[in-house]
Amino acid sequence: MNIETVQRWVVSAVLFHVGTVPAVTLAVYSIGVAATDFGRGVGLWLMSGVIGVLTAAGILAIFRRNPLSPWLLLGILPTAATGFYIF
């Protein structure tokens, strides 16, 4: 296996963990915040979507793929899953 391929996989795995932990945490935390203060809860919920999309776009950029692809929708997955509980 080529060293560049290994480096891409390692960096993308690190970016995946660094990006998805805050996205999922904000998405889950926004449910509790929205119960008491709806505006702040929705703000946290939207921020989780932004972080998720940026993480997915970064991983696509590491592999030199077009950032505007259907894989970008995986970044909004935590936001979409918790949106049911907020609204």
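Reckoned from all heavy atoms, side chains included, excluding hydrogens, waters and symmetry mates. Since this is a predicted model, take the numbers as computed values, not measurements.
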Once salt bridge (charged side-chain N to carboxylate O under 4.0 Å, His left out) is applied, do any residues pair with Arg65, and if so which ones, sequence neighbours excluded?
none
Would you give the length of the straight line joining atom CG of Asp37 to atom OG of Ser30, rounded to the nearest 0.5 angstrom?
12.0 Å
Minimum-distance pair of heavy atoms, taken over all atoms of Leu15 and Thr55:
O-CG2, 3.7 Å
With a 4.5 Å cut-off on side-chain heavy-atom distances among I, L, V, M, F, W and Y, is there a chain of contacts connecting Val50 to Leu44?
yes
Between Leu72 and Pro67, is any pair of side-chain heavy atoms under 4.5 Å apart?
no
Nearest non-hydrogen partners of Gly41 and Ile86, listed with the distance:
O-CD1, 4.4 Å
Count the heavy atoms of every other residue, nucleotide or ligand shown that sit under 6.0 Å from CZ of Phe16, and state whether that count exceeds 12.
no
Value rounded to 0.5 Å, distance of OH in Tyr29 from CE in Met47:
14.5 Å
Joint hydrophobic cluster, Val21 plus Val28, side-chain heavy atoms closer than 4.5 Å
no
Are Val24 and Ile31 connected into the same hydrophobic cluster when the rule is that any two of I, L, V, M, F, W, Y join if their side-chain heavy atoms are below 4.5 Å apart?
no
Kindly give the heavy-atom pair with the smallest separation between Pro22 and Ile51, and that separation in Å.
CB-CD1, 4.4 Å
Taking atom CD of Gln7 and atom CD1 of Ile62, what is their separation to the nearest 0.5 Å?
11.5 Å
Is it true that Val11 and Val6 fall in one hydrophobic cluster, defined by side-chain heavy atoms closer than 4.5 Å?
no
Drop me the distance from Trp9's CH2 to Met1's CE, to the nearest 0.5 angstrom.
8.5 Å
What are the two closest non-hydrogen atoms of Ser48 and Thr79, and how far apart are they?
OG-OG1, 3.0 Å
State the CD1-CZ distance between Ile3 and Arg8, to the nearest 0.5 angstrom.
12.0 Å
To the nearest 0.5 Å, atom CD1 of Ile76 lies from atom CG of Leu46 at 11.0 Å
Please answer whether the main-chain N or O of Pro78 pairs with a side-chain N or O of Thr82 as donor and acceptor at a distance below 3.5 Å.
yes
Nearest atoms (heavy-atom pairs only) where Ala23 meets Gly52
CB-N, 4.0 Å
Give the intermediate values and the outcome of ring-ring contact (aromatic ring centres under 6.0 Å, His included) for residues Phe87 and Trp45.
CA-CA 11 Å; Phe87 298 106; Trp45 180 71; 5.2 Å; yes
Correct closest heavy-atom pair for Trp71 and Leu60 would be CB-CD2, 4.1 Å
Leu73 versus Leu77: any side-chain heavy-atom pair under 4.5 Å?
no
